[in-house]
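In what follows, chains carry the letters A, B, and so on, assigned in the order in which the sequence lines appear, proteins first and then strands, with residues in each chain numbered from 1.
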There are 2 protein chains.
Amino acid sequence: MPTSEPVPRSLLGRAFTLLSVFTADRPSATLSELSRHSGLPLSTTHRLVQELIAHRALDKDGSGRFTIGLRLWELGALSPGALDLRERALPYLEDLFEVTHHNVQLAIRDDLEVVYVERISAKDAVNVVTRMGSRLPLHATGVGLVLLAYAPPEVQERALDTELKQFTKHTITTPNALRSALATVRRDGYAISDRQIETITYSVAAPVRGPGGDVAAAVSVVVPTQTRTDTVLPAVRACGRAISRALGWRRV
Amino acid sequence: MPTSEPVPRSLLGRAFTLLSVFTADRPSATLSELSRHSGLPLSTTHRLVQELIAHRALDKDGSGRFTIGLRLWELGALSPGALDLRERALPYLEDLFEVTHHNVQLAIRDDLEVVYVERISAKDAVNVVTRMGSRLPLHATGVGLVLLAYAPPEVQERALDTELKQFTKHTITTPNALRSALATVRRDGYAISDRQIETITYSVAAPVRGPGGDVAAAVSVVVPTQTRTDTVLPAVRACGRAISRALGWRRV
DNA sequence: CCCACTCTTCCACTGGATGGAAAGTGTCCG
DNA sequence: CGGACACTTTCCATCCAGTGGAAGAGTGGG
């Protein structure tokens, strides 16, 4: 979401730059805000916004602010990478939530990031930092470690060559620590992320495999640090296997 | 999704026409199929597709077919009209599912259609005709009747002036029948849709109110015709009220 | 090999998109 | 009330991003 980068010359590039102004922290924006944050001239912004509204990609609320429209959500719901997986996994995620009573998350890998495709949390849940659609770096979360440990070697190399962002003093920040953590995941078949994003939670994660045995996603439970991770680990791993079977995976 | 309509002249119009080729029944498509179904010339289609891929709005799978990409899903996840509501409602929907063990759905109104924003179903659920993001006409579903009964008068008038599509021999197809059904909903405070879409199911629906008391959504349970609707009705209504409270509604 | 189908590339041309400037609207303050 | 300011909308001569027919490349089957 650049104001320091050159504005794209292509119309679609501009439209997507404009849509990128909307984030979880800025779910709505005025025309001037859209212009400022996108770097597009005001009248260009105005014209683009009007057309995006015509296509229901943007909506205008009562106070003159714009929000992402239903049409994008409908189209997004057709994305097999996210929602197909989510729908098949949901019953098992709910089972996991029922037996653990902790926050449950399902995530996939998109390049060097985790994308959360589902989260089930209680009404009075322990600190929640993710939502549907949100992203975090692979190295800093349980699901991310699982997805990275089983990712193609060139993906792993790229991740190890990337600066590892620090969230807490527990976050993995060196390539050697990450390499070691990934080896541990592959040896154990699961990951425990220890206060890497928040100092009050652990994340226990297990792989979800597609029909061909590839790790297509990861499921995790987030627990407060007072909770022993081994009380939820079997359920998380069982959930990962159940979803894998629902996706067509068979143990060889 | 027109091949009989003129192709838009504007680029954004063309892009959205192209994206509209993807449906629940056609989650992936080849370049030629996209060209054929959108009415856009092959080379235009090719160029648009390449750029949409660059923006992650489309993905290409291993067999050369295109699918809707993650980026649209991420953007759509920011749509307050759908997912904000969904996230607040999810715990209550899960409760409803636990106590009824039947399919639970949450829907909003978009003009003269129902848009389903959540569905929770068991692994061995009775016939499922809706999915997240899918649409049905207001007159033919429990949630649609609720949403229409409490919609602004001009919306109701427009619905009554529209041809009422028939799905089964039980579907409401005349304005008088619809007017009467809406009056019943407003009198009772809930709706029962009797085999209107599928001849083997009833849908029991109740309103979900926003902070100002407006009916912002509707929640329903779909049950097989052997099930007595009055066994689930109190739970559906309680769920509607619980979600309403979570949205800030207070009974006056 | 030929055929049918799908996908990719090319480029002279053009019309959809541009954005600075002006006009319009709304709010706040002296 | 008028002025200042911020935000939104409109206008239009200009221009360059987008166009699509045609040719070429690739694939699979007979």
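- When heavy atoms are screened at a 4.0 angstrom cut-off, A:Ser10 is found touching the sugar-phosphate backbone but no base atom.
- Evaluation of the salt bridge (Lys or Arg N to Asp or Glu O under 4.0 Å) rule for A:Glu33 yields A:Arg65 as partners, not counting sequence neighbours.
- Contacts of A:His55 classified as ring-ring contact (aromatic ring centres under 6.0 Å, His included), with partners at least two apart in sequence or in another chain: B:Phe16.
- Within the nucleic acid shown, B:Arg65 has no heavy atom closer than 4.0 Å to any nucleic acid atom.
- Residues passing the side-chain contact (heavy atoms from CB on, under 4.5 Å) test with A:Ala54: none are found, sequence neighbours excluded.
- Taking the charged nitrogens against the carboxylate oxygens, A:Arg9 and B:Glu51 have no contact shorter than 4.0 Å, which rules out a salt bridge.
- For residues 133-145 of chain B, the set of pairs meeting the salt bridge (Lys or Arg N to Asp or Glu O under 4.0 Å) definition, not counting sequence neighbours, comprises A:Glu74-B:Arg135, B:Asp110-B:Arg135, B:Glu113-B:Arg135.
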For DNA chain D, the dot-bracket notation using Watson-Crick and G-U wobble pairs below 3.5 Å, [ ] for pseudoknot-type crossings and | for other-strand pairs, is ||||||||||||||||||||||||||||||
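- No side-chain N or O of B:Asp25 forms a donor-acceptor pair with one of B:Thr23 less than 3.5 Å apart.
- The stretch residues 45-59 of chain A touches DNA chain D through A:His46, each having a heavy atom within less than 4.0 Å of the strand.
- Side chains of B:Val21 and B:Arg26 form a contact here, defined as non-hydrogen atoms less than 4.5 Å apart.
- For A:Asp214, there are no salt bridge (Lys or Arg N to Asp or Glu O under 4.0 Å) partners, not counting sequence neighbours.
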Show me the donor-acceptor pairs within less than 3.5 Å that the side chains of residues 137-154 of chain B make with the rest of the protein, sequence neighbours left out.
from: B:His139; atom 1: NE2; to: B:Lys165; atom 2: N; distance (Å): 3.4
from: B:His139; atom 1: NE2; to: B:Lys165; atom 2: O; distance (Å): 2.8
from: B:Thr141; atom 1: OG1; to: B:Gly144; atom 2: N; distance (Å): 2.9

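- Annotation: of the two residues near DNA chain D, A:Phe66 and A:Arg9, the 5′-most nearest-nucleotide partner is A:Phe66.
- Not counting sequence neighbours, B:Arg209 has no partner by the salt bridge (Lys or Arg N to Asp or Glu O under 4.0 Å) test.
- Within 4.0 Å (heavy atoms only), B:Leu40 reaches no atom of the nucleic acid at all.
- Nucleic acid contact class of B:Ser43 (heavy atoms, under 4.0 Å, all strands): base.
- Here the OG atom belonging to A:Ser35 is positioned 7.0 Å from the CG atom belonging to A:Leu40, to the nearest 0.5 angstrom.
- Side-chain atoms of A:Ser20 and B:Arg71 form a donor-acceptor pair, as typed in the model, at a separation below 3.5 Å.
- Running 5' to 3' along DNA chain C, contacts with non-hydrogen atoms of chain A at under 4.0 Å begin and end at C:dA17 to C:dG20.
- Protein chain B contacts DNA chain D over a range whose 5' and 3' limits, counting nucleotides with an atom under 4.0 angstrom from a non-hydrogen atom, are D:dG18 to D:dG21.
- Under the ring-ring contact (aromatic ring centres under 6.0 Å, His included) criterion, A:Phe66 pairs with no residue, sequence neighbours left out.
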